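Quick note: numbers below take in every heavy atom, side chains included, and nothing from hydrogens, waters or symmetry partners. Reminder, nothing fancy here: chain letters follow the sequence lines and each chain counts from 1. What you see is a predicted model, and the numbers here were worked out from it, not measured in a lab.
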Amino acid sequence: MIPDVAQKFYITTAISYPNGVPHIGHAYEAIASDAIARFERLDGKDVLFLTGTDEHGLKMKQTADKEGLTPRALADRNAARFIEMAAVLGISNDDFIRTTEPRHYEACAELWRRMEAAGDIFKKKYGGWYSVRDEVYYKEGETEIRDGQRVATPTGTPVEWTEEETYFFRLSAYQDKLLAHYEANPDFMLPLERRNEVVSFVKMGLEDLSISRSTLDWGIPVPGNPAHVMYVWIDALNNYVTATGLLNGGANPRSHYWPADVHVIGKDIVRFHAVYWPAFLMSAGLPLPKRVFGHGFVLNKGEKMSKSVGNVVDPFDLVKAYGREQLRFFFLREVMFGHDGNYSPEAIANRINADLANNLGNLAQRSLSMIYKNCDGKIPVPGAFTAEDNAMLAAADGLYPTVRAEMDRQALTKYLDAVWSVVSEANQYFAAGEPWAKKKTDPERMATILYVTAEVVRQFAILAQPAMPESCNKLLDLMAVPADARSFASLGAKGRLAGGTPIPEPQGVFPRYVDPAEAEAQAQQKAEMQAKLDAKAAAKKGKPK
RNA sequence: GGCGGGGUAGCUCAGUUGGUUAGAGCGGCGGAAUCAUAAUCCGUAGGUCGCCGGUUCAAAUCCGGCCCCCGCUACCA
């Protein structure tokens, strides 16, 4: 991997709004983005991975007021929680941007100036039903008459018709350019279903966009007119550019990362990323991101999580209950990336046990412990390969091109599906080979089967690192794979395990998950089962042949 | 209302351009094995492929109609 020629890859998550604490949706997006970032790093790319918090705006101010804090103090407190979540989930972000940082103020001011210089920003009266108490405009349909007084339906606060002069962005001028860009770049929006929605939205016609407020002071001041602050869009979206330093003047070691290769966001904010954001960038003369990926939501047993239903799940609790890596794997494997998916305790336990403990973990454990016990504690030197051996190796060697193609479109779930289908093949190979039965009859054959099995496990461990970095590294430790031979460059024939390499005593890397509440019952059941087995064995022994 | 997506085994879903016995995983059932984290392997379970009609030698896959679910339909992000 030569840094100078390594292809760059810039990936971002949406920045989280920290007027509350992180929930499972934030965790899901962070995990998926992290897996993509890790995959690209392992594939030799020069990666910049960004996440952060979006700290301005009315809601921050309102929440702060309610808690008797300044918006800044609220942002500090809650952003810390998001940073903590990233750490707890094992997120490998290179930077964590907060929109209240000076660098972001600078970059947004510069973006504004460029858009203004392009003639796309102008002042205009913006009218609506304004609630002084909420400090926000409501549309006609969001208000109603109660006791002769017009109030905002959502909050019940009185509203009055107010006109404010705000700055507008000439979004209407970009309709055709945007459509042309979608046309020329069919993969600009993924998954494909989202594309249609955005295209039809743009085709319906774009109106100019109000991008400042003078009724709010918690925001980034408009250059040349500090009585106004930038209103949401520019502030919230431009963080992606800020992190590269491209708009902060001077030389910046990160400026080559722009444009982003993929913005990973929730499906609910696709429009802002696929319409407003590219229009701003076009106006400012900056290159457009290569892709906007709108992932789905994780639903709690089919229901959207909400405070009123009381089914909100805390990501910190989930990590505690199931383990960081198990949780990461579950979300990536179980929820088709780009679609909505379901979370349930049963589903998580099932995935952990079926895919990790039973299929991969147990395969590794049984093959490595046979090697440890029967091959002098060293990776065996294989004999001549049979057709079965070659087929097994070919299946593992063939995974890289497959998963690379899937990940070209951020198809995380399909990439893991591909790996696990070969894991399953490896279990069949191992069972069919019956190395334990050949211990005495044909030790060389046994050694070859064990070698081939360990070799494919090596590749599974390398390939699964983006989902489970720590566990996979432990697994690679068990095979004494050198630290510099764990990237995708070592996949396939060129990275084969070296016969004769001593290995440590194998230890389980992927334990079974047992619900603590059922653990006791399980233990009792296990004891009974053991007793039954013993009895059976005794009976068998006593039975004449 | 308009545009778009979807209704396939108990559960979660795959099913390219129509073609021999409609698939996978999980669960269930039967068997094998005992190297292993009681994990694994083999076999099996017989689902009107939402409903009706049409095209065709042949349709889950094409056409028409109907029923149900979901998404989008701009300034909270």
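In terms of phosphate contacts, N358(A) brings a side-chain nitrogen or oxygen within less than 4.0 Å of OP1 or OP2 of U40(B). Residue Y429(A) has no polar side-chain atom (N or O) positioned under 4.0 Å from OP1 or OP2 of U40(B). At the phosphate of U40(B), OP1 or OP2 sits under 4.0 Å from a side-chain N or O atom of N359(A). Contact between the side-chain N/O atoms of K373(A) and the OP1/OP2 oxygens of A36(B) is found at a separation under 4.0 Å. A sub-4.0 Å separation between OP1 or OP2 of G71(B) and a side-chain N or O of R194(A) is absent.
In this structure, F430(A) reaches the bases: a heavy-atom distance under 4.0 Å links it to at least one base atom across the strands shown. Residue G296(A) is classed as having no contact, given no heavy-atom separation below 4.0 Å to the nucleic acid. Using a 4.0 Å heavy-atom criterion, one finds that M204(A) contacts the sugar-phosphate atoms exclusively. If you check every strand for non-hydrogen atoms under 4.0 Å, D340(A) touches nothing. Among the protein residues, Q428(A) comes within range of the sugar-phosphate backbone only, with heavy atoms under 4.0 Å from sugar or phosphate atoms but none that close to a base. Heavy atoms of L206(A) sit under 4.0 angstrom from at least one base atom. Residue V509(A) is classed as a base contact, given a heavy-atom separation below 4.0 Å to a base. Here F201(A) lies in heavy-atom contact (under 4.0 Å) with a base.
Nucleotides G64(B) and G2(B) have their P atoms positioned 16 Å apart, rounded to a whole Å. U8(B) and G23(B) are spaced 10 Å apart, taking the C1' atom of each and rounding to whole Å. Taking the C1' atoms as reference points, C75(B) lies 30 Å from C69(B), given to the whole Å. A gap of 22 Å separates the P atoms of A60(B) and C66(B), to the nearest Å. Taking atom C1' on both nucleotides, A24(B) is separated from G47(B) by 15 Å, rounded to a whole Å. Rounded to whole Å, the C1' atom of A39(B) lies 39 Å from the corresponding atom of U48(B). Here the separation of A22(B) from U61(B), taken at their P atoms, is 15 Å to the nearest Å. Look at the P atom in both C51(B) and C68(B): the space between them is 15 Å, to the nearest Å.
Closest to the side chain of S200(A), from the set C35(B), C3(B), A39(B), is C3(B). Checking U73(B), U37(B), A77(B) against the side-chain heavy atoms of R271(A) singles out U73(B) as nearest. With U40(B), C72(B), C75(B) as the candidates, the nucleotide lying closest to the side chain of Y231(A) is C75(B). Candidate nucleotides C35(B), U40(B), C75(B) were compared by shortest atom distance to the side chain of E207(A), and C75(B) ranks first. Of the candidates A74(B), G25(B), A77(B), the closest approach to any side-chain atom of R351(A) belongs to G25(B). Residue N362(A) has its side chain nearest to A36(B) when only C75(B), A77(B), A36(B) are considered. In the set C35(B), A74(B), C41(B), the nucleotide with an atom closest to the side chain of W436(A) is C35(B). Nearest nucleotide to the side chain of A431(A), out of A77(B), C41(B), A36(B): C41(B).
Note that R271(A) lies in the cation-pi zone of F201(A), set by a 6.0 Å cut-off to the ring centre and a 45° limit from the axis. Figure legend: R213(A) and Y231(A) shown as a cation-pi pair, the cationic atom lying under 6.0 angstrom from the six-membered ring centre and within 45 degrees of its axis.
Relative ring orientation between W277(A) and H263(A) is described as tilted, the plane-to-plane angle lying within the 30° to 60° band. Using bins of under 30°, 30° to 60° and over 60° for the plane-to-plane angle, the ring pair Y240(A)/H273(A) lands in the tilted bin. Ring orientation note: the planes of F297(A) and H295(A) are nearly perpendicular, at an angle over 60° on the 30°/60° scale. Ring geometry, W233(A) versus F272(A): the interplanar angle falls under 30°, so the pair is classed parallel (tilted spans 30 to 60°). Aromatic ring pairs are classed by plane angle as parallel below 30°, tilted from 30° to 60° and perpendicular above 60°; the pair W420(A) and F329(A) is tilted.
Between the NZ atom of K267(A) and the P atom of G6(B) there is a distance of 14 Å, rounded to whole Å. Put simply, CG on D268(A) is 9 Å from P on C72(B), counting in whole angstrom units. Across the protein-nucleic acid pair, L192(A) atom CG and G6(B) atom P stand 11 Å apart, rounded to whole Å. Between the P atom of C13(B) and the CG atom of N350(A) lies a distance of 14 Å, rounded to the nearest Å. Atom CG in N342(A) sits roughly 15 Å away from atom C1' in C69(B) (whole-Å rounding). When the P atom of C26(B) is taken as reference, atom CZ of R333(A) falls 9 Å away, rounded to whole Å. For the pair H295(A) NE2 and G71(B) C1', the computed distance is 15 Å after rounding to whole Å. Residue R512(A) contributes atom CZ, which lies 13 Å from atom C1' of C26(B) at whole-angstrom precision.
Pair assignment for U44(B): G28(B), on the basis of Watson-Crick or G-U wobble contacts that are both within less than 3.5 Å. In this structure U34(B) sits in no base pair that meets the Watson-Crick or G-U test at under 3.5 Å. In this entry G4(B) has C70(B) as its Watson-Crick or G-U wobble partner, both defining distances falling under 3.5 Å. Nucleotide C75(B) is matched to nothing when pairs are restricted to Watson-Crick or G-U wobble geometry with both distances under 3.5 angstrom.
Looking at Y513(A) and N350(A), their side chains never bring a donor and an acceptor atom within 3.5 Å of each other.
Using a cutoff of 4.0 Å between basic side-chain nitrogens and carboxylate oxygens, E163(A) and K125(A) are not scored as salt-bridged.
Take the nearest nucleotide of RNA chain B for E334(A) and for S210(A): the residue whose nucleotide is more 5' is E334(A). Checking S367(A) against K59(A), the closest nucleotide of RNA chain B that is more toward the 5' end is the one next to S367(A).
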